[in-house]
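Please read these numbers as outputs of a predicted model, since none were measured by experiment. Atoms considered below: every heavy atom in the structure, side chains included; atoms not considered: hydrogens, waters and symmetry mates. Both ligands and their constituent atoms are indexed starting at 1 by order of listing.
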Amino acid sequence: MDEFFKNIPNIKYEGSKSDNPLSFKYYNPDEVIGGKTMKEQLKFAMSYWHTMCANGVDMFGVGTADKSYGTTDPMEQAERKAYAAFELMNKLGIEYYCFHDRDIAPEADTLRETNARLDKIQVLLDKLMKENNKKLLWGTANCFGNPRYMHGAGTAPNADVFAFAAAQIKKALEITTALGGDGYVFWGGREGYETLLNTNMKLEQDNMARLMRMAVDYGRSIGFKGAFYIEPKPKEPTKHQYDFDSATVLAFLRKYGLDKDFKLNIEANHATLAAHTFQHELRVARDNDAFGSIDANQGDVLLGWDTDQFPTNAYDTALCMYEVIKAGGFTTGGLNFDAKVRRGSFTQEDTFLAYIAGMDTFALGLKIADKMIADGRIDKFVDDRYASYKEGIGKKIVDGTATIQELEAYALEMGDVKSNISGKQEYLESVMNSIMFG
Ligand code: XUL
Ligand code: CO
């Protein structure tokens, strides 16, 4: 197959002093940080949809980037796209990738034909994965792009749509399993509502849970051993997405008895759309033993939508990797760049520069997080802040032996509280700066 990215060499680590734009400044795959190589700690993945398919189209204009791969024939294009994807991953040294069913093979006139197309591409992907030593981080089904999903898929008011979505998810699970995928993602594309005036919210959510249960049971029955993830997002495309944020998703999973079957796939830009920090969403997942995987990107503080920018903010990636390390690192999950170049960054080189920026920023984040933990000041501060729960009345509260009557007697005896200590936020923020900048 032809080389698609002819002017792009294999990207190598050259260190922070290098002025070669097509080199890593901080991501040194074999460097050991915190007992594991950077490659093992970061587990980067390429998103097929943004990287191989999206051409910069927006509601004000057509695409700016050429993603035709030299042909207009849909299946020839899908095949050439697959070769290009593996060339790109090889040149960047990325081991994993993620796809929606429709990213790898375009929809045909009937579901049968569409599935036959998927079978064909599955064989090619399998071959390319073996030849190039690549792995599938996760697969998913695009149950939001086609007009049939205008009112949702699993939450559609129309049972025929529900059935179609179920069929599509069944096939996506088969493809993911056949390719040895480490995960399968549910992101609620249009699973939400525009107005409650036309919505039976309870039936819609009950149905979503039914679909997820069917998917888990079927996946396990065909030998899918990977993790099932749900990816929270508060809005866009619907006004109100049901999988709003980590806490909402956890409540949903528990209500329907799905909490043992699902972990969370946390996306940075979705966190900020929900008015949370990325770290907050990761912490909620970690505290509930539900941390799974990450969609790595960033939003823009001035824009209220999912801009899916490549992550370039080292402060955020540091706090992210701090949570990942504290969660014990990635197991089935990894860092999927659910990110796209800006519409004006339309050249092939821009895509590589964007990945280099994202990978370097996560390498910096990993290094800083490792230093935060080795430095110990922040962890010690938090530990000391809650010291009153380690003895006396505090220990009784934590042990669950204190009664409300006993606490009243304690408070009456104590007089007013005299033991508060400062939260020292400004000091801790300056500690972060000293760790980051020396
Ligand atoms: C959309 C989004 C999706 C999911 C997979 O905001 O993040 O690409 O990651 O469907
Ligand atoms: Co995502």
Side-chain angles (χ1 to χ4, degrees), residues 43-55 57-58 96-105 107 136-146 149 152-155 165 168-169 171-173 175-176 181-192 208 211-212 215 226-246 248-249 262-274 276 278 281-282 285 291-300 303-311 316 320 332-341 358 362:
K43 290 184 70 186
F44 291 127
M46 179 203 76
S47 64
Y48 219 91
W49 53 103
H50 286 309
T51 312
M52 307 317 299
C53 308
N55 64 5
V57 63
D58 69 12
Y96 294 87
Y97 71 114
C98 302
F99 61 69
H100 301 84
D101 47 1
R102 303 304 178 242
D103 306 331
I104 55 170
E107 200 159 344
L136 179 61
L137 190 69
W138 50 260
T140 187
N142 177 334
C143 293
F144 45 88
N146 188 288
Y149 296 123
T155 65
Q168 199 179 319
I169 289 167
K171 185 69 185 170
L173 271 166
I175 301 280
T176 302
D182 285 337
Y184 185 88
V185 164
F186 275 84
W187 166 61
R190 292 183 195 273
E191 315 293 19
M208 192 64 222
L211 182 57
M212 289 167 76
F228 281 95
Y229 304 115
I230 185 161
E231 180 179 324
K233 184 176 186 181
K235 54 188 167 187
E236 197 200 23
T238 70
K239 179 178 85 171
H240 181 99
Q241 301 270 128
Y242 291 135
D243 49 13
F244 196 94
D245 61 1
S246 295
T248 311
V249 164
F262 280 83
K263 299 266 183 232
L264 302 189
N265 181 38
I266 306 291
E267 178 163 327
N269 204 165
H270 296 180
T272 49
L273 282 180
H276 299 308
F278 185 19
E281 287 293 83
L282 291 163
F291 170 68
S293 198
I294 287 178
D295 270 10
N297 62 17
Q298 69 184 29
D300 184 308
L303 302 176
W305 61 91
D306 197 13
T307 57
D308 281 343
Q309 288 163 230
F310 273 85
D316 287 345
C320 165
T332 49
L335 286 163
N336 166 46
F337 285 103
D338 193 351
K340 61 183 181 224
V341 291
F362 263 95

List below, pair by pair, the N or O atoms of ligand 1 and of the protein that are less than 3.5 Å apart, including the distance to 0.1 Å; reply 'none' if no pair qualifies.
| unit_1 | atom_1 | unit_2 | atom_2 | d |
| --- | --- | --- | --- | --- |
| ligand 1 | 6 (O) | Lys233 | NZ | 2.9 |
| ligand 1 | 6 (O) | His270 | NE2 | 2.9 |
| ligand 1 | 6 (O) | Asp306 | OD2 | 3.0 |
| ligand 1 | 7 (O) | Glu231 | OE2 | 2.7 |
| ligand 1 | 7 (O) | Glu267 | OE1 | 2.8 |
| ligand 1 | 7 (O) | His270 | NE2 | 3.3 |
| ligand 1 | 7 (O) | Asp338 | OD2 | 2.7 |
| ligand 1 | 8 (O) | Trp49 | NE1 | 3.3 |
| ligand 1 | 8 (O) | Asp338 | OD2 | 3.2 |
| ligand 1 | 9 (O) | Glu231 | OE1 | 2.7 |
| ligand 1 | 9 (O) | Glu231 | OE2 | 2.9 |
| ligand 1 | 9 (O) | Asp295 | OD2 | 2.9 |
| ligand 1 | 9 (O) | Asp338 | OD2 | 3.0 |
| ligand 1 | 10 (O) | His100 | NE2 | 2.7 |

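Interatomic distance, CE of Met52 versus OH of Tyr97, reported as 12.0 Å (0.5 Å rounding).
Restricting Asp338 to its N, O or S atoms, the one at the least distance from the Co ion (ligand 2) is OD2. When the N, O or S atoms of Glu231 are ranked by distance to the Co ion (ligand 2), OE2 comes first.
Ring orientation note: the planes of Trp138 and Trp49 are tilted relative to one another, at an angle of 30° to 60°. Using a 30° and 60° split on the angle between ring planes, Phe362 and Phe44 fall in the perpendicular class, above 60°. Ring geometry for Phe186 versus Tyr184: interplanar angle over 60°, hence perpendicular rather than tilted (30 to 60°).
Lys171 has no carboxylate O lying under 4.0 Å from a charged side-chain N of Asp101, or vice versa, which leaves the two without a salt bridge.
Nearest heavy-atom pair across Glu231 and Asp243 is O-OD2, 3.4 Å. For the residue pair Pro232 and Ile230, the shortest heavy atom distance occurs at CD-O, 3.5 Å.
Vertex the Co ion (ligand 2), arms ending at OE1 of Glu267 and OD2 of Asp295: the angle is 100° after rounding to 10 degrees.
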